[in-house]
J.: 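Questions regarding the structure given below will be posed in turn.
Chain A is the first sequence line, chain B the second, and so forth, proteins listed ahead of strands; every chain is numbered from 1.
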Amino acid sequence: MGKGWCLFFLFWPVAAVVSCAAAPLIGWSFPYDNAQAASNLGIRIDNLFYLILAITAAVFIGTQAVLVYALWHGANNRDERAHHTHGNHKLELIWSVIPGAILLFLAIYQMNLWADFRFKNHYPEAAVKAPLAEVTARQFEWRFRYPAIGKKLQPKPQPDDLYTVNELHVPFGRPVLIQLRSEDVQHSFFLPALRIKQDALPGLQIPVWFEANKPGVYDLVCAELCGWGHYKMKAHVIVEPEEEYQAYLKNLTQQQFYDGLGNIAANENGSESEAAEK
Amino acid sequence: MSDQHDHAYVKYSSIFYALCICTGLSIVFDVIDLKKQNIIGMNGVVLLAVLVLAVACAKALFVLIYFMHLKFEGRWKYVLLSPTIVLAMGLTIAITPDIGIHYYTNEAPQIDYLEQARETAAKTDALNPEKSHVE
Amino acid sequence: MSVLNPSPTGLQPITTHQSHHGPGNFITKYIFSTDHKVIAIQFLFTTLLMMIVGGTLALAVRWQLAFPWESMPIVGPWLFPAEGGQISPEFYTMLFTMHATVMIFLVIIPILAGTFGNYLIPLMIGADDMAFPKLNMLSYWFMWPSIACFGMSFTFAGGPAAGWTSYPVLADLAQAAPGSGTAQTFWLLGVTFVGFSSMMGSINYMTTIINMRAPGMTFFRMPLSIWGLFITAILQAFALPVLTAGGFMQVADRLFGTCFFYPSGLIINNADPTVGGGQPLLWQHLFWVYSHPAVYIMLLPVLGMVSDMLSCMCRKPIFGYKPMVFSMSAIASLGFIVWGHHMFTSGMNPAIGMAFMVATMMIALPSAIKTFNWTATIWGGKVQFNTVTLNCIGFLSMFVVGGLSGIFMAAVPVDVYFHDTYFIVAHFHYVLFGATLFGVFAAIHFWFPKMFGRMMNEKLGKTHFVLTFIGANGTFFPMHFLGMQGMPRRYADPYLHGYLEHLLPMNQFMTISAILMGAAQILLFINLFYSMFFGPKAGRNPWNATTLEWAAPSPPPHGNFDFVPMVYHGPNEYAVINGDKDFLMQTEKECQPPTKIITTETDTSA
Amino acid sequence: MGLPIPHSKLGMWLFLATEIMFFSAFIGAYIVLRAGSPGWPDDPEITHLRVWAGGLNTFVLILSSYFVVLALEGMKVENFAKARRYLCLTLLLACVFLGIKSYEYAGKFQYDILPGHIPETPRMAIDKSMREMKQVVDQRAITLSAAKLPEKTEPVNPEDTVEVAGVTDEKTEEVETPVEELRQQLQAELAAEDTPAARKKELQTYFDLGDKYRKLNDRALEESISMQEMNKELETLKQDPQYASLMAPVHFLQPIIYGNLFASVYFLLTGFHALHVVIGMLLFIIVLIQGRRLSKKWKDYVENIGLYWHFVDLVWIFLFPLIYII
Ligand code: HEA
Ligand code: HEA
Ligand code: CUA
Ligand SMILES: [Cu+2]
């Protein structure tokens, strides 16, 4: 009887480990392109993930193996009485210090990565100097505001700014910075491919930087509950080479300031509604 | 304790007077209007806050120790009250970096209002030197 | 089954019920009872009822995820005739909000503190009742206004629409979530009422444990269950007022035009810009200051009870009693300083984010100590494979999975990716369902004989365990993979997004597992009700356990003990070397020499 | 086993610990919100906070705390008459406290310093004044015509504004009393020969006020009026005996930056404190209605409510400097 149960409790961790090991092979892993992050920071995050995965896998296999072994013995214990003990100080010490050391190591190990991602004084200077765009989340769409070509992004909207909805173009190969804000409730700027996530908080303007290293079209989704349409804040981030990006901006300027007579009225106010594509 | 209650009785009234004096003291701090001054290199508001809160703590201690008889209680009072106070203060301190100070750009329109108010105040001051109510 | 003879070691039997007015008529006996055991059983049935509600809501959530926008079977056409029986996105939001609310506030917290806290505390420390029996009764009856409020918010247009975390601005302003105006207010009131209920309970438990222990029951002779419940009560007492305060602020925002949680100038749903000045992050802090300790409130009693049960079922003293106590205290005190790990991506100051990350990493340490101590308790024991043990082992292996996934999220950079994806959902279902509920199942089977005087059916119990275990793993393990693939939580239709399209089959598999798991719960209910009336009679001490409650009659009478409880040693004296039996109850001064054959009396009181 | 104090007292102390957490959440929220809001209003001229009122209340509470201690002394020596006397005095002082508090609240209502009501810029203030004045004028039109044609003023059908259950919050279009129509009727009435003189005078006042409003409103819309000027205009109108009674609901408005947050915090903190005072009063009343039946049995009870009352005092001791002085 007892042995059957031991097998039952053996079966499940084995299944878990096997499915985890098989996961990358059958695509149950990070999304896109061979589970490779599309940014260097993302790759570092993935590596941290794999490190933790290795540690936790070892801990998981270890604890489950010992558990099943102990159960197996306990089930077959023919002694009249169990072994009488109230504990063992040395053992307690060992199994407090070792996990403690591992955890402390993990905590310290990741600090740099976190600092690079979020500490303002670690942001790449080039990106901070010329923010790419302002991203405004609202129920239930993403709005983007680029500065006019050759100008700098101002905190307040300017008449010659360029606007798009639900489509953000980003050049690759250089770090870029967006100013994230929200017009109504809380949203979250989630770019799975780049392992970027940052909530858009009403009342704050949060700078987020990233550096895409692969061209492509990536999904941008909202990861903070923002109302009934939370699931449909669907947008794309299009990562393209610098020239294409510049061309895109030019094109956008033309579209937005076309006065219907074949002229580009670059300095008149570009109304939002005109720019809204969808 | 009941054998010495006469003694305690006298004490209660002196505690009461001490509390009144403290209250008077904090009103005095308000009246001399420390806010506008800059004493010993300290921002007036901070100095005022430190002073009146110190007075408040003194008062609180009086009430706790004598009126609430903590002086006569066993050691459980420390076990109960010290974690509470640590948690209560810790809570405030822990949320200060997020809400009391803004790490990211504060977009509150009030900041613009403040700017506008300063401008108009400067204008009206130039026009008529009367005190205007605008902050 | 050997029955303990309560008198050999000089226990004085109580002949008259001193100081105890009799139970009175039906109403004071069963409905407005002040007897902690009756209140506990009231809590038990209420929470089990609520579990059906919460579970059914979960199944509706799963239905939408597996068959998006398809008409719900049976109830759909009746609920939403207009939409052709399909779940609308608002309704989906309400579903998971209410699912979490019901499960957390009306199932897990009350079943642990309300049922087991009430039942076990006086019995295990040798008191005749709680310190404040009337307050205890009130704490049960305050559940009902809260159930009523949640019910109201459920039926109101749109339902509460902000998740169980109720983040402002969405939850704060009626125009932010169309239709949920009044519902959200009712939701907040409901939370406030459960808050009052837990508050009264926790003050009562603390007072009882501090002041009413039987002679000889020093703190370090208390069973670990009592330690777990005691620390839980402390956590609750210190953390809950903060949520109550925050809740009042949010209610004021909604009803009285205050503006604690929203800034000026928001244009929501095309309404006029808001006039405010507050900050949404403040709510998140206040909420998690309570709700992180709350997740340990949902765990610590189970940690304690599992320790006692495992020790009994392996016939071995718990390995490292004091380390167990200290690690529970460490979990509780560290639990107060890690709340920020829910807010890593919320726009909080990254420096304190780092501090919270270190604290969160460190909180795994006491959990590790506990895990290893349990394993060491099993090691070398004589394991009895009954339902109780199986659920305990189930608890252990699920807790390790849930805890280890917590480590990923504690790592801030990784959490940046995992935050608000299904990885989180996997994590907390492993700890909440996997750990806590399995612990609760074990505890129900373990203390059922004491509560009702009859044993539960083993076959049904084992079948229930196997099906639940398979169902739970089948439902919740794949959630890790969903999370890795970046599927955000709280999505009514994730398949709208290109990179998630292919996840439908996996979700369907999970839904089938969930239905299996839900169906398995029916066995539990059958077992409970069948055994209450037809189970074999249990004596005083069917498990040969050592703690005080097993020395009392089953079920214990009003006033609990028919002798004056005296405690001589620690709670888990199993495998004693030279006794006539392999355990020594806390009431027994020393073992009888093994040669002497003890005459077992049948239950004296029943 | 346990501590050498009664359960009730231990329970009370534990409860007070939870109360400390409760108030520290409020106070902490206040402190951080204030620190995070540049330009928090602290000028008593603007916020209408009266330090003397707060100070007096502090004194009142301290005195009442002192009396509670004396009452407990009375209980200890079984001098129940003394205990009752002092408890009565405490109750009285609690009433005084609430009296002063309501005086302060009344002041806030008078200046409309209420959460959600406060304009934060001069423009908002002007707009709000104009809104209030428009309401006054329209209301006047309605009352005037109601005096003539009572059936015209049936209240708006309540069902029209009730939230329609289901999909959205959108209110069905509000059925407004067509003020413009009323105005024309009144105009005709004014012009008519047979209207009594008193009535004519009333009507004339109404039209004059209406004109004044429109002029002011035009200037407000053109943004050619400053807030000071606006307030001056309103003041002259209010001073005018003709309009004084009509203009009563119109406030002198001061823009207060972060005023709404300030008012929110003020009412939250003092409101919850006042709630605790009221609960304390109920507890005292429970003892006092025992009358002569007060006996030794009640000593613990008095001690515990005493502890509670001291705690209420303690909270105020912190609220006073935090709200009134800093
Ligand atoms: C009973 C409930 C419970 C418990 C016990 C825990 C335990 C833990 N939780 Fe969990 N958590 C929740 C319930 C719980 N959690 C809920 C409900 C949420 C989501 C709320 C929401 O957003 O809706 C959540 C969310 C949550 C987050 C936020 C994620 C996000 O939203 O971005 C984080 C991040 O750090 C986290 C971490 C942890 C950690 C580190 C532990 C640790 O305590 C775990 C410790 C245990 C172990 C580690 C296993 C045993 C140890 C060993 C075998 C030793 C060896 C191990 C090592 C050396 C690694 N949890
Ligand atoms: C203790 C807490 C607890 C428990 C026990 C559960 C149990 C379950 N949960 Fe829950 N869940 C939460 C707490 C809990 N959950 C929380 C906090 C959230 C977050 C909400 C938020 O985002 O705000 C959440 C969110 C959540 C989601 C994510 C929704 C989303 O983000 O979009 C899902 C999806 O699968 C889910 C599924 C389930 C399932 C299938 C069960 C099953 O285990 C349930 C099984 C039990 C039963 C079915 C009951 C028994 C029923 C009967 C006996 C009746 C008869 C049976 C039938 C009709 C079949 N839960
Ligand atoms: Cu925007 Cu979710
Ligand atoms: Cu947590």
J.: Which one wins on heavy-atom pair count under 4.5 Å against chain A: T345(C), T377(C), T274(C)?
T.: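 Heavy-atom pairs under 4.5 Å are most numerous for T345(C).
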J.: So what's closer than 4.5 Å to chain C heavy atoms on L225(A): side chain, backbone, both or neither?
T.: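 Both backbone and side chain.
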J.: By the definition ring-ring contact (aromatic ring centres under 6.0 Å, His included), identify the one residue from F8(A), W5(A), F11(A) that meets it with F469(C).
T.: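 Only one of F8(A), W5(A), F11(A) forms a ring-ring contact (aromatic ring centres under 6.0 Å, His included) with F469(C), namely F8(A).
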J.: Go through the atoms of P488(C) and report whether side chain, backbone, both or neither lie under 4.5 Å from a heavy atom of chain A.
T.: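 Interface part for P488(C): side chain.
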J.: Does the K197(A) side chain pair with the main chain of H419(C), one donor and one acceptor, at a distance under 3.5 Å?
T.: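 Yes, K197(A) side chain to H419(C) backbone: donor-acceptor pair under 3.5 Å.
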J.: What part of Y109(A) gets within 4.5 angstrom of chain C, counting heavy atoms only: side chain, backbone, both, or neither?
T.: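 No part of Y109(A) comes within 4.5 Å of chain C.
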J.: Using a 6.0 Å cut-off, check whether atom NZ of K322(C) has over 12 heavy atoms from anything other than its own residue.
T.: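 At most 12 heavy atoms, drawn from other residues, nucleotides or ligands, come within 6.0 Å of this atom.
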J.: Once you round to the nearest 0.5 Å, how far does NZ of K232(A) lie from NE2 of H497(C)?
T.: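 Result: 10.5 Å between the selected atoms.
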J.: If I take atom CG from residue L396(C) and atom CG from residue L71(A), how far apart are they, to the nearest 0.5 angstrom?
T.: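 Going from the CG atom of L396(C) to the CG atom of L71(A) covers 8.5 Å.
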J.: Relative to chain A, which segment of F326(C) carries a heavy atom at a distance below 4.5 Å: side chain, backbone, both, or neither?
T.: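 Interface part for F326(C): neither.
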J.: Of all of R44(A), K120(A), R195(A), which one pairs up most often with chain C through heavy atoms under 4.5 Å apart?
T.: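 Among the listed options, the one with the most contacts to chain C is R195(A).
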J.: Identify which part of L390(C) has an atom lying under 4.5 Å from any heavy atom of chain A, answering side chain, backbone, both or neither.
T.: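 For L390(C), heavy atoms of backbone and side chain both lie under 4.5 Å from chain A.
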J.: Could you tell me the separation between the CZ atom of F60(A) and the OG atom of S405(C), rounded to the nearest 0.5 Å?
T.: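 One gets 11.0 Å once the value is rounded to the nearest 0.5 Å.
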J.: Given the options G87(A), A15(A), A193(A), which has more heavy-atom pairs under 4.5 Å with chain C than any of the others?
T.: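 Heavy-atom pairs under 4.5 Å are most numerous for G87(A).
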J.: Using heavy-atom distances under 4.5 Å, tell me whether Q64(A) contacts chain C through its side chain, its backbone, both, or neither.
T.: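 Contact with chain C: side chain only.
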J.: Below 4.5 Å from any heavy atom of chain A, which atoms of E573(C) appear? Answer side chain, backbone, both or neither.
T.: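 For E573(C), the contact with chain A is made by the side chain alone.
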J.: Flag the one option from D415(C), T421(C), D420(C), T371(C) with the top tally of heavy-atom pairs under 4.5 Å to chain A.
T.: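 The candidate making the most pairs under 4.5 Å is D420(C).
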J.: Taking the six-membered ring for Trp, are W228(A) and Y92(C) ring centroids under 6.0 Å apart?
T.: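 Centroid distance W228(A)-Y92(C): not below 6.0 Å, so no.
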J.: Counting only heavy atoms closer than 4.5 Å, note whether W72(A) contacts chain C via side chain, backbone, both or neither.
T.: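 Contact with chain C involves no heavy atom of W72(A) at all.
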J.: Just verifying a value: how many Å separate I98(A) CD1 and F372(C) CZ, rounded to the nearest 0.5 Å?
T.: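 Interatomic distance, I98(A) CD1 to F372(C) CZ, rounded to 0.5 Å: 8.5 Å.
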J.: Is chain C contacted by the side chain of F9(A), its backbone, both, or neither, given a heavy-atom distance below 4.5 Å?
T.: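 Contact with chain C: side chain only.
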J.: At a heavy-atom separation under 4.5 Å, does R138(A) approach chain C through its side chain, its backbone, both, or neither?
T.: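 R138(A) touches chain C through side-chain heavy atoms alone.
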J.: With a 4.5 angstrom heavy-atom cut-off, could you sort out which part of N373(C) is near chain A: side chain, backbone, both or neither?
T.: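 Both parts, backbone and side chain.
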J.: Sort N270(C) into side chain, backbone, both or neither according to what part of it lies under 4.5 angstrom from a heavy atom of chain A.
T.: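 Only the side chain of N270(C) comes within 4.5 Å of chain A.
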J.: Can you tell me which portion of L204(A) sits under 4.5 Å from chain C's heavy atoms? Options are side chain, backbone, both or neither.
T.: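 Side chain of L204(A) only, per the 4.5 Å heavy-atom cut-off to chain C.
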J.: Please state whether the side chain, the backbone, both or neither of E92(A) comes within less than 4.5 Å of a heavy atom of chain C.
T.: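 Just its side chain gets close to chain C.
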J.: Step by step, would you call C226(A) with Y167(C) a side chain to side chain contact (heavy atoms under 4.5 Å, CB included)?
T.: CA-CA 9 Å; C226(A) 52; Y167(C) 276 7; over 6 Å; no
J.: Please look at V400(C) and chain A and tell me whether the side chain, the backbone, both or neither of the residue comes under 4.5 angstrom of a heavy atom of that chain.
T.: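 Side chain of V400(C) only, per the 4.5 Å heavy-atom cut-off to chain A.
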J.: Taking the six-membered ring for Trp, is the centroid-to-centroid distance between Y417(C) and F49(A) below 6.0 Å?
T.: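 No, ring centres 6.0 Å or more apart.
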J.: Please examine the side chains of S29(A) and F481(C), heavy atoms only from C-beta on, and report whether any two atoms are closer than 4.5 Å.
T.: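 No. Closest side-chain heavy atoms not under 4.5 Å.
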J.: Output, in order, the C-alpha distance, side-chain angles, deciding distance and verdict of side chain to side chain contact (heavy atoms under 4.5 Å, CB included) for H73(A) and K382(C).
T.: CA-CA 8 Å; H73(A) 268 251; K382(C) 275 177 75 69; over 6 Å; no
J.: Quick one: of W374(C), Y430(C), Y321(C), who has the most non-hydrogen atom pairs under 4.5 Å with chain A?
T.: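 Heavy-atom pair counts peak at Y430(C).
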J.: Please flag which part of F190(A) lies under 4.5 Å from any non-hydrogen atom of chain C: side chain, backbone, both or neither.
T.: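 For F190(A), side-chain heavy atoms alone lie under 4.5 Å from chain C.
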J.: Around atom OH of Y50(A), are there more than 12 heavy atoms from other residues, nucleotides or ligands closer than 6.0 Å?
T.: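 Yes, enclosed.
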J.: Heavy-atom cut-off 4.5 Å, strictly under: side chain, backbone, both or neither for P478(C) against chain A?
T.: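 No part of P478(C) comes within 4.5 Å of chain A.
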J.: When you look at D184(A) and I267(C), which way does the side chain to side chain contact (heavy atoms under 4.5 Å, CB included) test go after all the steps?
T.: CA-CA 6 Å; D184(A) 38 38; I267(C) 301 167; over 6 Å; no
J.: Please classify the contact of P494(C) with chain A as side chain, backbone, both or neither, using a heavy-atom distance under 4.5 Å.
T.: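 No part of P494(C) comes within 4.5 Å of chain A.
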J.: Taking all non-hydrogen atoms of both residues into account, name the closest pair between G498(C) and D219(A) and its distance.
T.: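 Smallest interatomic distance, heavy atoms only, reads N-OD2, 3.6 Å.
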J.: Report which part of A351(C) has an atom under 4.5 Å of a heavy atom belonging to chain A: side chain, backbone, both, or neither.
T.: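 Answer is both: backbone and side chain atoms of A351(C) are under 4.5 Å from chain A.
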J.: If we define contacts as heavy-atom pairs under 4.5 Å, which of T375(C), T165(C), V412(C) has the most with chain A?
T.: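 Highest number of pairs under 4.5 Å: V412(C).
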J.: Go through the atoms of F96(C) and report whether side chain, backbone, both or neither lie under 4.5 Å from a heavy atom of chain A.
T.: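 The side chain, not the backbone.
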J.: Using a cut-off of under 4.5 Å for heavy-atom pairs, which of V416(C), I318(C), L503(C) has the most such pairs with chain A?
T.: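 Looking at each option in turn, the highest pair count goes to V416(C).
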J.: Begin from the C-alpha positions of Y218(A) and Y499(C) and carry the test side chain to side chain contact (heavy atoms under 4.5 Å, CB included) through to its verdict.
T.: CA-CA 9 Å; Y218(A) 302 114; Y499(C) 75 112; over 6 Å; no
J.: Under a 4.5 Å heavy-atom cut-off, does chain C meet the side chain of D46(A), its backbone, both or neither?
T.: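 Neither part.
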J.: With a 4.5 angstrom heavy-atom cut-off, could you sort out which part of M506(C) is near chain A: side chain, backbone, both or neither?
T.: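 Side chain only.
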J.: Below 4.5 Å from any heavy atom of chain A, which atoms of P263(C) appear? Answer side chain, backbone, both or neither.
T.: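 The answer is the side chain of P263(C).
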J.: Of the backbone (N, CA, C, O) and the side chain (C-beta and beyond), which part of M357(C) lies under 4.5 Å from a heavy atom of chain A, both, or neither?
T.: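 Contact with chain A involves the side chain of M357(C) alone.
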J.: Is L201(A) close to chain C through its backbone or its side chain, or both, or neither, when contacts mean heavy atoms under 4.5 Å?
T.: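 It is the side chain, since no backbone atom gets that close.
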J.: Between H84(A) (side chain) and Y574(C) (backbone), is there a donor-acceptor pair under 3.5 Å?
T.: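 Such a contact is found between H84(A) side chain and Y574(C) backbone.
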J.: Can you tell if the side chain of Q186(A) reaches within under 4.5 Å of the side chain of Q284(C), non-hydrogen atoms only?
T.: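 Q186(A) vs Q284(C): side chains touch.
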J.: For chain A, which candidate among F408(C), W379(C), Y262(C) shows the most heavy-atom pairs at distances under 4.5 Å?
T.: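 So the answer, after comparing F408(C), W379(C), Y262(C), is F408(C).
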J.: Hey, what's the ring geometry for F418(C) with F30(A), parallel, tilted or perpendicular (30° and 60° as the breaks)?
T.: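 Answer is parallel, since the angle falls under 30°.
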J.: Answer with side chain, backbone, both or neither: which region of L53(A) has an atom nearer than 4.5 Å to a non-hydrogen atom of chain C?
T.: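 For L53(A), the contact with chain C is made by backbone and side chain together.
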J.: Can you tell me how far the CD1 atom of I407(C) sits from the CG atom of L106(A), to the nearest 0.5 Å?
T.: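 One gets 7.5 Å once the value is rounded to the nearest 0.5 Å.
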J.: Quick check for you: to the nearest 0.5 Å, what is the distance between Q139(A) atom CD and N269(C) atom CG?
T.: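 So the gap between those two atoms works out to 6.0 Å.
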J.: Hey, do the aromatic rings of W95(A) and F319(C) have their centres closer than 6.0 Å?
T.: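 Yes, close enough.
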